[in-house]
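Labels below follow one simple rule: chain letters A, B, ... track the order of the sequence lines, proteins then strands, and each chain is numbered from 1. FYI, side chains are in, hydrogens and waters are out, and symmetry mates aren't considered; it's all heavy atoms of this structure.
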Protein chains: 2
Amino acid sequence: MAATRESRVRHTRDDVLAMALRLLRECGLPELSMRALARELDVQPSALYWHFASKQLLLAGVAEEILSPMNALDENADAAAVATVFRDAMLSVTDGAEVVVSTVALGLGADRAFERLRDALIREHHEFDRATSIATTLLHYCIGHTSHEQQRAQALRLGVELEDSPIMANKDSFLDGLHRILHSPQSSA
Amino acid sequence: MAATRESRVRHTRDDVLAMALRLLRECGLPELSMRALARELDVQPSALYWHFASKQLLLAGVAEEILSPMNALDENADAAAVATVFRDAMLSVTDGAEVVVSTVALGLGADRAFERLRDALIREHHEFDRATSIATTLLHYCIGHTSHEQQRAQALRLGVELEDSPIMANKDSFLDGLHRILHSPQSSA
DNA sequence: ACCTGAACACCGTTCAAGT
DNA sequence: ACCTGAACACCGTTCAAGT
């Protein structure tokens, strides 16, 4: 009866990544299982392991996709703009911050963001060591703030009843902390 | 043949929490499954649902345990000391930061840390709004930095080969960012 | 008040084998 | 180069029933 429909398509690494990102956007990280991803690609789960050695490495690929706006960044953007693009990129995908967090430690996701941040600071006439220090602080701040903000927003969307907390995490509080760090005085040592 | 060994013990909520913390310390978050926890307590997995409505709420309980040093804090501790205790508490347990991160958004874990931080800042003669703003920034920074640091340390311990990244996360870089935020000038708006 | 036993609907990963 | 099929060793959660 011959291959029905589009059944005999073969996929590239990028196809897999694109579908993973789609699943993430539409359903969130808990639904992004290797098995669900395989189902969506009309393939056996084991097929994914030809493209990625593990789920962790697949997620690292997804994190890079999420942070791809960091590549298309204006050369002259200032540090505040870079940080804002970083935050926006993570917020643009369901559980984006969590995916990025799970890969920073591997040195796979956030390095470009860090470099963009540091370069912007150097352009703003900070010396190298100071730019490095501020960029490091900024990066950790952005990740902490944004993951909090996104988790809270999504818990609300899922109807989880939250204790109301005095800790704010929205655009205003983000900018507030951002400027606080940017306007800190020289070195601390 | 009568109940063998100590088989007929019944557990309290605190017993379960204590064992969860032990499992976390010894094995890490991936090994802390409801089923493994039940096995360790010599109980059916379903028994845990008498004590906690879900794994998420169990982890919230674990997060509170992890952050309990925030309760025993010297009344006169300054903000830098409070932040350091916060970091140390998370670092003292395998995957501690990740557990805390997963519960901040629920308003269940980090609130006390925030209040301690804000109170310390008020004691240091900042007005309320400024203390709130700095404490919020600090909290997100501490969480971002510490989760990065811990993830990296543990990946190394597991022998995962890491790309070497320019982003530092150790005690020195923590203190550096900490002081940067603490010494930031007035409000930014 | 605390737990059992059985079931439901899932996971990530490996590996020989196929085309 | 890309995938199948089957298997292994797991998950969280529910629920009627027991003591």
Side-chain angles (χ1 to χ4, degrees), chain A residues 1-20 23-24 26-63 95 98-99 102-103 106 155 158-160, chain B residues 1-20 23-24 26-63 95 98-99 102-103 106 155 158-160:
Chain A
M1 29 197 61
T4 50
R5 298 200 282 164
E6 33 154 2
S7 60
R8 289 303 88 198
V9 252
R10 278 165 121 79
H11 305 97
T12 66
R13 199 192 117 104
D14 278 356
D15 292 339
V16 177
L17 232 36
M19 183 61 86
L23 249 160
L24 195 62
E26 289 172 7
C27 315
L29 194 53
E31 311 263 295
L32 177 51
S33 65
M34 297 301 266
R35 298 177 105 101
L37 181 52
R39 205 181 305 128
E40 220 66 24
L41 289 165
D42 210 2
V43 131
Q44 294 292 319
S46 50
L48 300 176
Y49 289 83
W50 194 90
H51 298 284
F52 297 92
S54 67
K55 186 179 185 181
Q56 174 150 212
L57 287 169
L58 186 151
L59 287 179
V62 172
D95 294 316
E98 197 174 337
V99 174
S102 75
T103 60
L106 305 175
L158 294 176
V160 184
Chain B
M1 33 200 54
T4 50
R5 299 199 283 164
E6 33 154 1
S7 60
R8 288 303 91 198
V9 252
R10 280 164 120 80
H11 305 97
T12 66
R13 200 192 116 105
D14 278 355
D15 292 339
V16 177
L17 232 36
M19 183 62 86
L23 248 160
L24 195 63
E26 288 172 9
C27 315
L29 194 53
E31 311 263 296
L32 177 50
S33 64
M34 296 301 266
R35 297 177 104 103
L37 182 52
R39 206 180 306 127
E40 221 66 24
L41 290 165
D42 210 1
V43 133
Q44 294 292 318
S46 50
L48 300 176
Y49 290 83
W50 195 89
H51 298 284
F52 298 92
S54 67
K55 185 179 185 180
Q56 176 150 209
L57 287 170
L58 185 151
L59 286 179
V62 172
D95 294 315
E98 196 174 339
V99 173
S102 75
T103 59
L106 307 174
L158 294 176
V160 183

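Comparing D:dA7, D:dT19, C:dG18 by their closest approach to the side chain of B:Arg10 singles out D:dT19. The side chain of B:Trp50 has C:dC3 as its nearest neighbour among C:dC3, C:dT13, C:dA7. Closest to the side chain of B:Lys55, from the set C:dT4, D:dG12, D:dA7, is D:dG12. For B:Arg35, the listed nucleotide lying nearest its side chain is D:dC11; candidates were D:dT4, D:dC11, C:dT13. Across D:dT4, D:dT13, D:dA7, the shortest atom-to-atom separation from the side chain of A:Ser46 is found for D:dT4. Comparing C:dC3, D:dT13, D:dA1 by their nearest atom to the side chain of B:His51 picks out C:dC3.
The side chain of A:Gln44 contributes an N or O atom lying less than 4.0 Å from OP1 or OP2 of D:dG5. In this model, the phosphate group of C:dC2 is not approached by any side-chain N or O of B:His11 to a distance below 4.0 Å at OP1 or OP2.
Between D:dA17 and C:dC2, the distance separating the two P atoms is 22 Å to the nearest Å. Taking atom P in both C:dA9 and D:dC10, the straight-line distance is 22 Å, to the nearest Å.
Both distances falling under 3.5 Å, in either a Watson-Crick or a G-U wobble arrangement, occur for no nucleotide opposite D:dC11. For C:dT19, the paired nucleotide is D:dA1, the pair qualifying as Watson-Crick or G-U wobble because both relevant distances are below 3.5 Å.
Atom CG in B:Leu32 sits roughly 16 Å away from atom P in D:dC10 (whole-Å rounding). Separating the OH atom of A:Tyr49 from the C1' atom of C:dG12 is a distance of 4 Å, rounded to the nearest angstrom. Atom CE in A:Met34 sits about 14 Å away from atom P in D:dT4, given to the nearest Å. Computed from coordinates, the B:Phe52 CZ to C:dC3 C1' distance equals 16 Å when rounded to whole Å. Whole-Å rounding puts the B:Gln56 CD to D:dC11 P distance at 19 Å. Rounding to whole angstrom units, CG of residue B:Leu57 and C1' of D:dG12 are separated by 13 Å. If you take CG of A:Leu41 and P of D:dT4, they are 10 Å apart, rounded to a whole angstrom. Distance B:Leu48 CG to D:dG12 C1': 11 Å, rounded to the nearest Å.
Of the inter-residue distances, the one linking A:Glu26 atom CD with A:Met19 atom CE reads 8.5 Å to the nearest 0.5 angstrom.
Residues A:Ala53 and A:Ala36 each lie close to DNA chain C; by heavy-atom proximity, the contact nearer the 5' end of the strand is made by A:Ala36. Annotation: of the two residues near DNA chain D, A:Pro45 and B:Ala47, the 5′-most nearest-nucleotide partner is A:Pro45.
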